Amino acid sequence: MASDDIWILGIKMTKFGKHPDKDVVDLAAEAAMAALADGGVTMKDMGILAAGNLMGGGGVGQQIQKQIGQTGIPVYNVSNACATGATALRTAIMAVKAGEVDMGLAVGVEKLAGAGLLGAGGRPKSDKNVYEPKGRYGAVGSVDGRIGTDSMPGVFAQVGMEYGHKYGGTSFELFAKIAEKNHAHSTLNPLAAYTKRMTLEEIMNDVMIAYPNTRSMCSANCDGAAAAVVVSGAKLKTLSLEQQRRAIKVKASVLTTDPWQEACQVLPDVNTLTKNAAKIAYEQAGVGPQDLNLVELHDCFATAELVHYDNLGLCEEGGAADFFMSGATWRDGKTPVNVSGGLESKGHPIAATGIANIWEVCHHLRGEAGDRQIEGAKVGLAHVIGLGSACGIHILEKSGL
Amino acid sequence: MSKQIPFVDYLVLGDKPHLVANECTGCGARFFDRRNACAACFGTSFKKVDIGTEGIVRAFSIVTFAAPGVKVPFVSAIVDCNGTSVRCTLTNVEPSPEQVSLGMKVRLALVPVGTDDEGTEAVNYGFEPA
């Protein structure tokens, strides 16, 4: 029977950072086992496994099964850029929602420590000795650097600068202040890759990667995994009161891609698909931005966080700079954003991110976030963007029990 | 005189160098590469159109850290050429935040890339302050 009522029963993330002694399967298995234990269930209860991993060799789902339990259930290996984790979770949610299974497991995992610059493939040491047009643009050499940039820090720098061009109010210092907030928030998160508070001066004087993004304004490449167990409302009612009390309701689960916009072929449009996803998510959940007690959004770069304040409707259109400068997104502000430290400080093991951000929200909604607890949190939103593009938004609500 | 070829196929060299795009005859959406159907309206009829050679910088980044083999620093920019956005590297300008600004006027310029073993010179485009 189809279920409209979906809950997160168990959820966990590993410590983000360097795990030289663990491979992708070890990390995924650690997160999966922890999520199952958190939900008080085992692999025997799972009807589906959705597994996300971007940079590995593929087929991680079956490898995870061999590590923690081969029961013959269907595995969906998903890959959707930085939205991979959210896509895995949504795959499990759709299976439960369709009524095919009453419980499912979603895992996202990445080994990324020391990966360096993403997006830029580089060019061969020397171009061919005889020019020959290649690829969709008939280029006779590598275009990176010769026709703009392929690197993620540069692409997302342009995303933030474009917002500044359209609405004004942005500056190098403003973007750096966003990173200052997220680094400050991370000091309370023991699972973050980096937990060092940085001053505005340290951030602005850090190595410049792609103006206006310095190194500490870029997401931190690191290793990590996160996993979640989802369950139908009907099945949840058969479980213990403690399981029901800690379960978190999935009020909205949305995935969108980028609709055509004039400039999207030359600069990926991360705005329209986020606005569209937010609109659908708020409608599904029956809540608005003003109801959110915390938000984890995709701050792959400081320049990206700013535009998503606007895209998620946290501020008035064009008002993101003023909204941030009001202090609204600090943990003691009106709408705390990235109290985990965000991708800039907690870290960004790509396929794990879209489940880890949901763990962060659930952690607060359950009242289990310790030193960084947002008091009285009842509703939260988690957002990711995968360039290309895909946007995942989940709105979560505390159990009424 | 040595032979010249454009660095990309949407650059036309000659007396009046310019960029060209495939324009959907139904809705006017423009693409620098080939499409089976228009991404905006799904129409399947396209015509070649010339892109204006002047525009304004609507976004930029000064890239100082890039993949091996990519010369840094350089200014990556998105230029609005009268409604058509073009990706480019700015040329003939110092790559510093003091010299590049949002909204600055720029124009198409040619940038030599190199000459191959058969004496063919590849010529790229960029935009320079107007």
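Because the structure is predicted, anything quoted here is derived from the model rather than measured. Every chain is numbered from 1 and lettered A, B, ... according to where its sequence line falls, protein lines coming before strand lines.
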For this session: Enter the distance from B:C24:SG to A:W260:CH2 here, rounded to the nearest 0.5 Å.
Result: 9.0 Å

Problem set entry | Engaged part of B:Y125 at the chain A interface, taking heavy atoms whose separation is under 4.5 Å | both

Seminar exercise, completed: Interface check, chain A: of B:C41, B:S76, B:G103, B:A39, most non-hydrogen pairs under 4.5 Å belong to B:S76

For this session: Determine which residues belonging to residues 52-62 of chain B lie within contact range of chain A, meaning some heavy atom pair is under 4.5 Å apart, and list them by number or answer 'none'.
Result: B:I56, B:V57, B:R58, B:A59, B:F60, B:S61, B:I62

Seminar exercise, completed: Applying a strict 4.5 Å limit to non-hydrogen atoms, the region of B:P73 in contact with chain A is neither

For this session: Would you give the length of the straight line joining atom CD of A:E262 to atom OG1 of B:T84, rounded to the nearest 0.5 angstrom?
Result: 5.5 Å

For this session: Measure the OH-CD1 distance between A:Y131 and B:I5 for me, rounded to the nearest 0.5 Å.
Result: 7.5 Å

Seminar exercise, completed: Closest non-hydrogen atoms of B:F31 and A:Q265, given as atom of the first, atom of the second and distance, are CA-OE1, 3.4 Å

Exercise. Counting only N and O atoms by type, is there a donor-acceptor contact under 3.5 Å from the side chain of B:S85 to the main-chain atoms of A:A263?
Worked result: no

Problem set entry | Trace of the side-chain contact (heavy atoms from CB on, under 4.5 Å) decision for A:R146 with B:V70 | CA-CA 8 Å; A:R146 289 176 173 141; B:V70 177; over 6 Å; no

Seminar exercise, completed: Across all chains, not counting sequence neighbours, the side chain to side chain contact (heavy atoms under 4.5 Å, CB included) partners of A:N221 are A:L112, A:A115, A:L118

For this session: Decide if atom CG of B:D117 counts as having more than 12 heavy atoms of other residues, nucleotides or ligands within a radius under 6.0 Å.
Result: yes

Exercise. Any idea which heavy atoms bring B:A122 and A:V140 closest together, and the distance?
Worked result: CB-CG2, 3.8 Å

For this session: Could you please state which residues from residues 163-179 of chain A sit under 4.5 angstrom from chain B, measuring non-hydrogen atom to non-hydrogen atom, sorted by number, or 'none'?
Result: A:G164, A:H165

Exercise. Among residues 298-320 of chain A, which residues come closer than 4.5 Å to chain B, judged by heavy atom distances?
Worked result: none

Seminar exercise, completed: Interatomic distance, CZ@B:F74 vs CG@A:D144, rounded to 0.5 Å, equals 5.5 Å

Problem set entry | Inter-residue atom distance A:T149.OG1 - B:R87.CZ, 0.5 Å rounding | 6.5 Å

For this session: Look at A:V207, A:V155, A:I147 and state which one has the largest set of heavy-atom pairs under 4.5 Å with chain B.
Result: A:I147

Exercise. Between atom CD of A:Q158 and atom CG of B:L102, what is the distance when rounded to the nearest 0.5 Å?
Worked result: 10.5 Å

